[in-house]
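The structure under discussion appears below in the form of structure tokens.
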Amino acid sequence: APGGPNVGTVTGDLVGTILTGFPQPGVWHGKAFLNDGTDFVSVTGGSVPELNGTTLELRHDNMAVGAPGLGALARINGHGTIVAPEEATGHLNFHGTLDTSGFPFTVTLTYQGSICVG
């Protein structure tokens with residue numbers, strides 16, 4: 001079944017909150033779980049003042065991989081494209097972990113990339 005919404009906190013060059021949803025069910029390929037989703041990042045601060053008060057919409061492809069020795073952890077890698085608002089464009093890569101040892105699951109991600117405003 002589709003997943004989310006999941007809510008989190010954004011810190012770093014952008015500050016705010018994130019709401020992530022997965023409109024379609026993911027697919028297993030061996031130990032890899034593939035899915036796509038949408039992030040809505042409500043920006044309230046950070047080092048890009050032009051984005052304060054806006055909500056970035058990021059469409060992303062996501063892969064989580066379990067491996068021997070990781071236990072309840074899975075590695076996550078993905079890529080996303082900013083599709084809104086019109087005045088912001090960019091591509092972001094992300095990586096981190098999915099911890100399935102408790103419920104709700106805990107996800108920790110680091111995003112890197114470029115955002116152009118103008």
Side-chain angles (χ1 to χ4, degrees):
N6 303 302
V7 179
T9 302
V10 177
T11 61
D13 289 341
L14 297 179
V15 174
T17 58
I18 186 168
L19 174 71
T20 301
F22 302 96
Q24 303 295 324
V27 177
W28 283 99
H29 290 278
K31 294 209 178 265
F33 184 74
L34 308 174
N35 64 354
D36 61 349
T38 304
D39 296 335
F40 295 96
V41 180
S42 297
V43 181
T44 58
S47 62
V48 187
E50 298 87 354
L51 294 176
N52 290 351
T54 65
T55 298
L56 300 175
E57 181 178 344
L58 178 71
R59 303 264 173 87
H60 62 81
D61 297 318
N62 184 39
M63 178 178 65
V65 179
L70 289 179
L73 293 179
R75 296 204 179 271
I76 297 176
N77 291 296
H79 173 267
T81 301
I82 295 173
V83 297
E86 187 175 291
E87 62 271 10
T89 59
H91 295 274
L92 301 174
N93 294 312
F94 56 89
H95 65 276
T97 58
L98 166 66
D99 185 347
T100 63
S101 64
F103 191 81
F105 299 155
T106 303
V107 176
T108 304
L109 296 175
T110 299
Y111 287 77
Q112 297 174 319
S114 300
I115 300 174
C116 298
V117 180

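One is the number of the first residue; the rest follow in order along the sequence.
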So, taking the atom named CG in Leu98 and the one named CG in Asn62, what distance separates them when rounded to the nearest 0.5 Å? 9.0 Å
In a check of side chain to side chain contact (heavy atoms under 4.5 Å, CB included) between Ile18 and each of Asn6, Val7, Val10, which one passes? Val10
Can you give me the closest heavy-atom contact between Gly80 and Leu58, atom names plus distance? C-CD1, 3.3 Å
So, Asp39 side chain and Val41 main chain: donor-acceptor pair closer than 3.5 Å or not? no
Report the distance from atom CG of Leu56 to atom CZ of Phe40, rounding to the nearest 0.5 Å. 11.0 Å
Does any non-hydrogen side-chain atom of His95 lie less than 4.5 Å from one of Arg75? no
Val15 backbone acceptor or donor facing Thr44 side chain under 3.5 Å: yes
Check Thr55 against Ser42 and note the closest heavy-atom contact, atom names and distance. OG1-OG, 3.6 Å
I need the minimum non-hydrogen distance between Thr38 and Glu57, along with the two atoms involved. CG2-CG, 3.7 Å
State the CG-CG distance between Asn93 and Leu109, to the nearest 0.5 angstrom. 12.0 Å
Ring-plane angle category for Phe94 and Tyr111, please: parallel below 30°, perpendicular beyond 60°, tilted otherwise. tilted
Give the intermediate values and the outcome of side-chain contact (heavy atoms from CB on, under 4.5 Å) for residues Leu14 and Ile115. CA-CA 11 Å; Leu14 297 179; Ile115 300 174; 3.8 Å; yes
Fit a plane to each ring of Phe33 and Trp28, take the angle between them on a 0 to 90° scale, and name the class: parallel (under 30°), tilted (30 to 60°) or perpendicular (over 60°). tilted
Separation between OG1 (Thr108) and CG (Asp99), nearest 0.5 Å, reads 8.0 Å
Heavy-atom count around Asp36 CG within 6.0 Å, excluding the residue itself: above 12? yes
Mind checking the CG-CG spacing from Asp61 to Leu34? Nearest 0.5 Å is all I need. 9.0 Å
Got a second to check how far Ile82's CD1 is from Arg59's CZ, nearest 0.5 Å? 12.5 Å
Please report the shortest heavy-atom distance between Ala32 and Val65, naming the atom on each side. CB-CG2, 4.1 Å
Thr100 side chain to Ala72 main-chain N or O, any donor-acceptor pair under 3.5 Å? yes
If I compare all heavy atoms of Ser47 with all of Pro49, which pair ends up nearest, and what's the gap? O-CD, 3.4 Å
Should Val48 and Val43 count as side-chain neighbours, where that means a heavy-atom distance under 4.5 Å? no
Are any non-hydrogen side-chain atoms of Val117 and Leu51 less than 4.5 angstrom apart? yes
